Engineer: 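Sending over a structure as structure tokens; questions will come in a sec.
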Amino acid sequence: MVAVKKEGGPLRKRSLVWFRKGLRVHDNPALLEASQSAAEVYPVFVLDPSIDPTEDGVKIGANRAQFLLESLEDLDQSLKKLGSHLICIRGRPEDVLPPLMRELDINHLGFEFDTEPYWKAQGEKMAKEAENLGARVHCPATHTLYDPEHLMAKCMMDAPKSYGQFLKLVAKCGSPPAVASAPESLPQISKDVLGRKHSGVPTLRDLGYEPLPASERTPFPGGETEALRRLEDQFRDTRRIALFEKPKTSPTDFETPSTTVLSPYLKFGCLSSRVFYFKLKEAYRKNGKHADPPVSLLGQLYWREFFYLCGYAFPNFGKMEGNPICRQIPWDHSEGGKEKLRAWESAQTGYPFIDAAMTQLRQQGWLHHLARHAVACFLTRGDLWVSWEEGRKVFDKLLIDADWSLNNANWMWLSCSSFFYQYFRCYSPVAFGRKYDPSGKYIRNFVPALRKMPKQYIYEPWKAPLSVQEAAGCIVGVDYPMPVCDHAVASKENMSKMAAAYKKAKSESPPPKKKAKKAK
DNA sequence: CTGTGCGTTGTATTG
DNA sequence: TCAATACAACGCACA
């Protein structure tokens with residue numbers, strides 16, 4: 001226990017706990033520490049006007065905003081059960097927090113460390129502000145399994161560029177830190193300063209969103225309570241968890257997804273990755289037999305960890321230019337390219353599987369990993385030759401689990417810009433979906449125009465004879481778009497463009513020397 | 001410097 | 001039905 005006088009006086013500890021991610025009460029060392037040693041604790045969430053801003057400054061979609069608000073609402077409820085509540089302030093952290101810290105005479109600031117450039121900078125600014133006020137700062141790295149600084153030290157600042165290398169690094173690190181218990185109680189917030197101007201959690205409408213029609217609302221509610229419920233639910237089948245292999249799951253199962261859908265809860269920190277980790281280990285022990293990385297569930301957690309480390313270690317990770325691990329590729333930025341991007345984003349490519357996936361993305365804020373692969377490949381090196389950054393922005397806006405590090409990494413992966421380079425392995429917008437769902441149930445659900453199309457044409461309706469199109473009530477070119485490109489032609493062309501871009505990069509910048517050139 | 005093996009999740013064809 | 005293979009040939013790690 002920290003020796004702090006419990007009553008009044010200069011030693012009275014007044015703690016502000018700043019929530020960003022980590023929207024949970026369980027395994028939250030910053031909150032726990034405050035609860036154990038401070039006489040006053042102020043749990044604060046700062047809701048930026050642009051709402052969870054990224055470096056693009058893109059305003060997030062309504063489903064993602066709703067997931068965030070539900071998570072905040074749930075956090076507020078949990079804090080209330082502990083005797084406190086969430087103070088939700090509108091504004092930018094750098095504008096709002098320093099005056100609040102002064103007003104409350106804060107002498108302790110606690111918040112979770114964040115690796116993303118925007119939030120890392122915000123954290124540094126606030127730590128400085130707090131220190132200027134003479135406050136102590138507690139900033140534990142609790143979003144990932146390991147403290148990224150610890151991983152960087154272990155690899156001697158030479159971050160792994162492949163998953164295999166990352167696994168070797170993790171093998172040297174032992175078990176992640178133990179899970180912290182939830183606080184037993186929190187001091188009541190009595191100060192009146194938080195009255196009118198600091199209101200509770202706003203509604204979607206407060207934030208300027210029109211409420212979504214039911215058909216376009218994500219079926220996945222936000223919040224720690226739901227996260228823990230979902231975790232328990234998924235872990236009821238120990239065998240399934242232990243034997244889980246990602247490539248064996250299906251992108252077209254949309255009623256009950258074939259994966260766990262824990263990603264949005266991990267993204268916002270409604271679920272602690274460490275809780276998930278130890279729960280997995282327990283399931284593996286119980287079941288005996290289990291799958292292994294990279295395909296296992298633990299492997300998925302390690303992919304997250306790997307990409308978080310990459311986003312932390314490599315500069316300009318969110319863009320092509322100036323990104324040391326990203327291939328420089330002359331993507332189509334012309335008007336034509338923009339038109340193709342619009343077709344893709346609005347589910348009007350004329351490839352039913354792609355359009356179904358893009359519709360699911362919009363309606364549910366979630367897509368199976370392999371469906372993400374298919375649409376990402378299609379937009380970039382597969383068919384449309386549009387920059388991965390554009391696709392990343394759309395995912396960032398619409399996915400409830402949009403996660404800066406993972407999103408960038410996966411877009412680079414699929415566009416063969418980094419991590420993965422076998423550009424001759426290309427997803428077919430027709431064959432890939434058909435392999436999982438030959439009758440096209442997935443398409444029929446998300447692309448109503450094609451509901452009556454016979455299954456032999458549902459993946460390529462433009463090939464159906466006019467009489468068949470008429471009978472299905474769907475004339476291609478009228479009721480459903482013609483394909484935006486010819487996949488066979490476009491993918492072949494793009495492969496040679498990739499070859500040229502790689503070749504150019506090689507000739508222009510020879511492999512970087514690890515150490516300074518030795519004198520001969 | 002060079003060769004080899006490997007890489008979470010491709011496709012189309014063949015037997 | 002399924003497994004093997006050609007396709008055309010990537011970068012990275014390591015020996």
Side-chain angles (χ1 to χ4, degrees), chain A residues 155 158-171 243-253 257-260 263 290-307 310 314 324-329 351 353-354 357 367-378 380-383 406 409-410 412-438 459-460 486-507 509-514 517-518 520:
Chain A
C155 65
D158 186 22
K161 293 181 194 69
S162 72
Y163 187 68
Q165 295 301 107
F166 175 79
L167 288 181
K168 283 186 192 172
L169 172 61
V170 153
L243 301 181
F244 178 98
E245 288 181 54
K246 186 63 147 295
K248 291 188 180 163
T249 60
S250 167
T252 56
D253 290 358
S258 59
T259 49
T260 63
S263 54
H290 63 81
D292 283 304
V295 294
S296 65
L297 261 185
L298 181 59
Q300 306 311 304
L301 201 46
Y302 283 148
W303 279 106
R304 173 180 186 268
E305 195 78 6
F306 171 45
F307 288 151
C310 289
F314 301 117
I325 65 163
C326 183
R327 289 292 174 286
Q328 304 299 302
I329 294 164
Y351 282 96
F353 180 65
I354 301 298
L367 271 185
H368 185 279
H369 195 66
L370 291 179
R372 299 182 196 201
H373 278 211
V375 299
C377 180
F378 186 87
T380 58
R381 50 119 178 160
D383 294 82
L406 277 53
N410 281 309
M412 281 190 264
W413 183 295
L414 264 302
S415 62
C416 288
S417 298
S418 196
F419 304 113
F420 177 82
Y421 306 94
Q422 292 165 261
Y423 54 76
F424 38 87
R425 288 193 184 172
C426 181
Y427 290 89
S428 158
V430 170
F432 185 70
R434 186 140 63 192
K435 169 168 83 180
Y436 295 94
D437 177 21
Y459 283 88
E460 17 187 17
D486 180 336
H487 172 70
V489 175
S491 61
K492 215 161 203 140
E493 266 178 26
N494 291 349
M495 280 182 205
S496 35
K497 283 195 258 183
M498 287 302 290
Y502 278 11
K503 206 172 153 190
K504 187 156 177 267
K506 229 193 231 171
S507 70
S509 64
K513 297 261 179 334
K514 253 201 180 151
K517 207 164 63 174
K518 271 188 195 158
K520 35 179 140 139

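Predicted, not measured: the structure shown is a model, and the values here were computed from it. So you know, we letter chains A, B, ... as the sequences are listed, proteins then strands, and number each from 1.
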Engineer: In whole Å, what is the span from the CG atom of Asp292(A) to the C1' atom of dT8(B)?
Structural biologist: 12 Å

Engineer: Take atom C1' in dT8(B) and the same atom in dA8(C), then report the distance between them in whole Å.
Structural biologist: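 dT8(B) and dA8(C) have their C1' atoms separated by 23 Å.
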
Engineer: Show me, pair by pair, the donor-acceptor contacts under 3.5 angstrom made by side chains of residues 422-433 of chain A, not counting sequence neighbours?
Structural biologist:
unit_1    : atom_1 : unit_2    : atom_2 : d
Tyr427(A) : OH     : His373(A) : ND1    : 2.9
Ser428(A) : OG     : Val430(A) : N      : 3.1
Ser428(A) : OG     : Ala431(A) : N      : 2.9

Engineer: Ring-on-base stacking between Phe424(A) and dC7(C), under 5.5 Å between centres and under 30° between planes: is it there?
Structural biologist: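 Here Phe424(A) fails the 5.5 Å or the 30° condition.
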
Engineer: Supply the atom-to-atom distance Cys377(A) SG to Leu370(A) CG, rounded to the nearest 0.5 angstrom.
Structural biologist: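 These two atoms lie 12.0 Å from each other.
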
Engineer: Measure the distance from CH2 on Trp413(A) to P on dC10(C) and round it to the nearest whole Å.
Structural biologist: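 To the nearest whole Å, that distance equals 18 Å.
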
Engineer: Using nucleotides 13-15 of chain B, report all nitrogen or oxygen pairs with the protein that are shorter than 3.5 Å.
Structural biologist:
none

Engineer: Roughly, in whole Å, what's the span from CD in Gln422(A) to P in dT11(B)?
Structural biologist: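 About 14 Å, once rounded to whole Å.
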
Engineer: Give a yes or no answer on whether the side chain of Arg381(A) reaches the backbone of Met495(A) with a donor-acceptor pair at less than 3.5 Å.
Structural biologist: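 Looks like no, no N/O pair under 3.5 Å.
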
Engineer: Could you pull out the protein-nucleic contacts involving nucleotides 11-14 of chain C (nitrogen or oxygen on both sides, under 3.5 Å)?
Structural biologist:
unit_1  : atom_1 : unit_2    : atom_2 : d
dG11(C) : OP2    : Lys506(A) : NZ     : 3.4
dG11(C) : O3'    : Arg327(A) : NH2    : 3.3
dC12(C) : OP1    : Arg327(A) : NH2    : 3.4
dA13(C) : O3'    : Gln165(A) : OE1    : 3.2
dC14(C) : OP1    : Lys168(A) : NZ     : 2.6

Engineer: I want to check something: taking the side chain as every heavy atom from C-beta on, are Tyr421(A) and Ser418(A) in contact at a cut-off of under 4.5 Å?
Structural biologist: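 A side-chain contact under 4.5 Å exists here.
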
Engineer: For DNA chain B, please output the secondary structure as dot-bracket, reading 5' to 3'. Pairs are Watson-Crick or G-U wobble, both atom distances under 3.5 Å; mark crossing pairs with [ ], other-strand partners with |, unpaired with a dot.
Structural biologist: .||||||..||||||

Engineer: Rounding to an integer number of angstrom, what distance separates dT5(C) and dC6(B) when you compare their P atoms?
Structural biologist: 16 Å

Engineer: Whole Å only: how far is the CZ atom of Arg425(A) from the P atom of dT8(B)?
Structural biologist: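 Those two atoms, CZ and P, are 10 Å apart.
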
Engineer: So which atom in Tyr502(A) and which in Arg327(A) form the shortest heavy-atom distance, rounded to 0.1 Å?
Structural biologist: CE1-CG, 3.7 Å

Engineer: For a quick test of reading the model, state the closest non-hydrogen atom pair linking Thr380(A) to Asn494(A) and the distance between them.
Structural biologist: O-ND2, 4.1 Å

Engineer: In whole angstroms, how far is the P atom of dG10(B) from the NE2 atom of His487(A)?
Structural biologist: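 Atom NE2 in His487(A) sits about 13 Å away from atom P in dG10(B).
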
Engineer: Which whole-number value in Å describes the distance from Leu414(A) CG to dC10(C) C1'?
Structural biologist: 15 Å

Engineer: Does any N or O in the side chain of Tyr302(A) come within less than 3.5 Å of the main-chain N or O of Val170(A), such that one atom is a donor and the other an acceptor?
Structural biologist: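 No, because the side chain of Tyr302(A) does not come within donor-acceptor range (under 3.5 Å) of the backbone of Val170(A).
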
Engineer: Identify, residue by residue, the members of residues 490-500 of chain A with a heavy atom below 4.0 Å from DNA chain B, and return them in order of residue number, or none.
Structural biologist: none

Engineer: Is any side-chain heavy atom of Thr259(A) less than 4.5 Å from a side-chain heavy atom of Phe244(A)?
Structural biologist: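 A side-chain contact exists here, since the closest heavy-atom pair is under 4.5 Å.
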
Engineer: Round to the nearest Å and state the distance from Asn410(A) atom CG to dT8(B) atom C1'.
Structural biologist: 11 Å

Engineer: Taking side chain as C-beta onward, heavy atoms only, is His369(A) less than 4.5 Å from Asn410(A)?
Structural biologist: yes

Engineer: Return the orientation label for the Tyr163(A) and Trp303(A) ring planes: parallel under 30°, perpendicular over 60°, tilted otherwise.
Structural biologist: parallel

Engineer: Can you tell me how far CZ of Phe420(A) sits from OG of Ser162(A), rounded to the nearest 0.5 angstrom?
Structural biologist: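 One finds 14.0 Å between OG of Ser162(A) and CZ of Phe420(A).
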
Engineer: For dT4(B) versus dA9(C), give the span between their C1' atoms, rounded off to a whole number of Å.
Structural biologist: 15 Å

Engineer: With rounding to the closest Å, how many angstrom separate the C1' atoms on dC1(B) and dC14(C)?
Structural biologist: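 Pairwise C1' distance, dC1(B) against dC14(C), rounds to 13 Å.
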
Engineer: So does Pro293(A) get a backbone contact from the side chain of Gln300(A), meaning a donor-acceptor N/O pair under 3.5 Å?
Structural biologist: no

Engineer: Who pairs with Phe353(A) by ring pair (Phe, Tyr, Trp, His ring centres under 6.0 Å), at least two apart in sequence or on another chain?
Structural biologist: Tyr442(A)

Engineer: If you look at every heavy atom in Cys416(A) and Ile329(A), which pair is closest and at what distance?
Structural biologist: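 Heavy atoms only, the tightest pair is O-CD1, 4.1 Å.
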
Engineer: Distance check needed: dG10(B) C1' versus Tyr423(A) OH, whole Å only.
Structural biologist: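 Nearest whole value for this atom pair: 15 Å.
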
Engineer: At 4.0 Å (heavy atoms only), tell me whether Lys248(A) reaches a base, stays on the sugar-phosphate, or touches nothing.
Structural biologist: nothing

